[in-house]
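Structure first, then comments.
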Amino acid sequence: MAPDRVARENTGLDWLYRGVSEIFPDRPDSEDTSENLAQRLAKTDRPLRVKLGIDPTGAEIHVGHSIPVRKLREFQDAGHQAVLIIGDFTAQIGDPTGKSEVRKQLTPAEVKQNAQTYLEQVRPILDLERVEIRYNSEWLSKLDLGKIIELLSTMTVGQMLAKEGFADRYAKENPIFLHEFLYPLMQGYDSVAVQADVELGGTDQKFNIAVGRDLQRYFGLLPQFGLLMPILLGTDGKEKMSKSLGNYVGLLEEPLSMYSKLEKTPDNLLPEYFELLTDLPLETLPENPRDRQKLLALNIVSQYRGEEAAKKAQEAAIELVKGAGTTAADSVPEFSLSEVQFPAKLFYILNAAGLCKSGNDAKRQIQGGAVRLDGERIEQVDLGFDAPTELAGRTLSVGKNRFVRLVT
RNA sequence: GGGUCGGUGCCCGAGUGGUUAAUGGGGGCGGACUGUAAAUCCGCUGCGUAAGCUACGCUAGUUCGAAUCUAGCCCGGCCCA
């Protein structure tokens, strides 16, 4: 189940190979710096330009997104030049990959904002002082039809259809829009524009990165290396991590929320998570799966929120499972009862506090025995309260993961 | 452009005039169990603090009554050009 890894020993480049699925081209025995990345790193007389492209579409990113960023940081630490491409041009057109869901077009202001949010989130990982940040509209918006046709003429339909995804969709008789063919070319052209030596990405980026190589060669440049990392599976252990599937751990989440998700990481995912999301040595992990989960959670939360906050989150998580968290109270998100008009039904409050999707959902949760007040199960669906004072200071929970402390 | 098939709830997919938010599966949520896991079993799975309101691509119509019939439109697949 674990993806294949590039394994090298005693090269002094352990950092390079950790958590990497594939490097291409890859001729381990070759002395040629154009087909052996280790050779290139050893012999280069200048910092390599290492490219990572991001989509400034969504606001919040998750630990899966952090993987190539972590790798980028490692290159920085080795003295190379990180080049972060903000795909503002691409984002404005909207990539319909996968579902034919039309993405809303983003205004330049939104792109700017999203990019800023993105940078804030990766700040704990990346040395932002030493990153070259480029917006791809800088060159893509200047392409005229002649140039675009030239780009298109470098590839055949057959080559395009070889791309995973396209092939599937074509086979399933799903629609494929013509402009989608432009995406790999645009991303590849980014590599031309910034003269990338290495491009980082998930394994799903192989095709696009390879197109970048082809284009670089076409334009007389030295082709880049591709360095692919596994796509992280989500906390459900089945699907790839994504916000829409809800199986993600966001970088902006509360420490407690991050911690509780991560400490439940499925056993089969633990090695993967350790390798890709932490720097911990993999040989010395605790035997007990439970301890491994805790260590993982603690380590990752520390990376983004600091060690102290992580420890607090751990304590809070333990408290909350036992029952009503009291000493852990300050780690639990608060909900102000002033937002509720009394008298109020409990299911209404559950919804208002964001613990349930809707009032009706809240009723169902109560019926299902999921709702607790200070650790005590609520049986009465219609339970109501006359004044906020009856609830202030108490902890309301739904299931094992959703907690809120009620305040006035 | 022509022909043809199709568009159902988060997803897939039944349903083809009439108790019904709409069979079933997946997913999700919750409960029991457990290692706060996996597996298993069970429950829930439109919105509204209420009266009630919205749902089967969109719009208009036929009907006491439509997701189911009619017309127009939009979108997609396939075949032909």
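To find a chain, count down the sequence lines: A is the first, B the second, and so on, and within it residues start at 1.
- Each of A:Asp236 and A:Arg290 was matched to the nucleotide of RNA chain B holding its nearest heavy atom; the match closer to the 5' end belongs to A:Asp236.
- Nucleotides B:C33 and B:A38 are separated by 12 Å at their C1' atoms, to the nearest Å.
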TODO: For the pair A:Ser191 and A:Glu199, evaluate side chain to side chain donor-acceptor pair (under 3.5 Å) and give the outcome as yes or no after the intermediate values.
DONE: CA-CA 8 Å; A:Ser191 292; A:Glu199 176 163 359; 3.0 Å; yes
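- Residue contacts for A:Gln367: at a heavy-atom cut-off of 4.0 Å it reaches no nucleic acid atom on any strand shown.
- The phosphate of B:G30 (OP1 or OP2) has no side-chain N or O of A:Lys357 nearer than 4.0 angstrom.
- Not less than 6.0 angstrom separates the ring centroid of A:Phe89 from the ring centroid of A:Tyr135.
- Only the P atoms considered, B:C44 is 15 Å distant from B:G26, to the nearest whole Å.
- The backbone N or O of A:Gly250 sits less than 3.5 Å from a side-chain atom of A:Glu253, completing a donor-acceptor pair.
- As rounded to the nearest Å, B:A67 and B:G9 have P atoms that lie 14 Å from one another.
- In this structure, the CG atom of A:Asn360 is 12 Å from the C1' atom of B:U45, given to the nearest Å.
- Counting any heavy atom pair closer than 4.0 Å across all strands shown, A:Lys363 reaches sugar-phosphate atoms only and no base atom.
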Task: Candidate pair A:Arg70 and A:Gln303, rule side chain to side chain donor-acceptor pair (under 3.5 Å), full reasoning - done: CA-CA 11 Å; A:Arg70 288 170 52 79; A:Gln303 288 181 48; 3.0 Å; yes
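- For A:Lys345, the side-chain atoms get nearest to B:U49 when compared with the rest of B:C29, B:G35, B:U49.
- Here A:Phe75 and A:Trp15 bring their ring centres to under 6.0 angstrom of each other.
- Nucleotides B:A21 and B:A55 have their P atoms positioned 14 Å apart, rounded to a whole Å.
- At a threshold of 4.0 angstrom between heavy atoms, the contacts of A:Gln341 include nucleobase atoms, whether or not backbone atoms are also involved.
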TODO: Start with the C-alpha distance between A:Asp197 and A:Arg49, add both sets of side-chain angles, then the distance that settles salt bridge (charged side-chain N to carboxylate O under 4.0 Å, His left out), and finish with yes or no.
DONE: CA-CA 5 Å; A:Asp197 295 302; A:Arg49 296 176 58 74; 5.6 Å; no
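- Here the side chain of A:Arg377 pairs a donor or acceptor atom with the backbone of A:Gly369 at under 3.5 angstrom.
- Salt-bridge check for A:Asp127 with A:Arg73: failed, with every basic side-chain N at 4.0 Å or more from each acidic carboxylate O.
- Taking only side-chain nitrogens and oxygens, A:Arg364 comes nearer than 4.0 Å to OP1 or OP2 of B:C47.
- Backbone-only contact: A:Asn351 has heavy atoms under 4.0 Å from sugar-phosphate atoms and none from a base.
- Distance noted for atom P between B:G7 and B:A14: 9 Å (whole Å).
- Comparing the C1' positions of B:C56 and B:G30 gives an interatomic distance of 28 Å, to the nearest angstrom.
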TODO: Take A:Glu60 and A:Gln121 through the test side chain to side chain donor-acceptor pair (under 3.5 Å) and record every step on the way to the result.
DONE: CA-CA 8 Å; A:Glu60 195 187 356; A:Gln121 293 176 81; over 6 Å; no
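- When rounded to the nearest whole Å, the span between CG of A:Asn247 and C1' of B:G27 equals 12 Å.
- To the nearest whole angstrom, the two C1' atoms, one in B:G65 and one in B:G57, are 23 Å apart.
- Atom CD in A:Glu239 sits roughly 12 Å away from atom C1' in B:G28 (whole-Å rounding).
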Task: Secondary-structure string, 5' to 3', Watson-Crick or G-U under 3.5 Å, | for another-strand partners, for RNA chain B - done: ((((((((.[[[..)..(.....]]]((((((.......))))))((....))...[[[[[..)....]]]]]))))))).
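- In this structure, CG on A:Leu350 lies 4.5 Å from SG on A:Cys356, to the nearest 0.5 angstrom.
- One atom, CD of A:Gln365, and another, P of B:C42, lie 19 Å apart when rounded to the nearest Å.
- Between A:Asn268 atom CG and B:A38 atom C1' there is a gap of 9 Å when expressed in whole angstrom units.
- For the pair A:Lys238 NZ and B:A39 C1', the computed distance is 11 Å after rounding to whole Å.
- As a whole-Å value, the separation of A:Phe347 CZ from B:G48 P is 10 Å.
- Counting only distance, with no hydrogens or angles, the side chain of A:Gln224 and the backbone of A:Ile209 share a donor-acceptor pair below 3.5 Å.
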TODO: Produce a footprint string for nucleotides 75-81 of chain B: one letter per nucleotide, 5' end first; B if the base is under 4.0 Å from any protein heavy atom, S if only the sugar-phosphate is, - if neither.
DONE: -SSS---
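- Residue A:Lys264 is the one, among A:Lys264 and A:Ser358, whose nearest nucleotide of RNA chain B lies closer to the 5' end (criterion: closest heavy atom).
- If you take atom P in B:A66 and the same atom in B:G61, they sit 13 Å apart, rounded to whole Å.
- Atom P of nucleotide B:C47 and atom OH of A:Tyr348 are separated by 15 Å, given to the nearest angstrom.
- Note on A:Arg377: every side-chain N or O is 4.0 Å or more away from OP1 and OP2 of B:G31.
- A donor and an acceptor atom sit less than 3.5 Å apart, one in the side chain of A:Asp267 and one in the base of B:G35.
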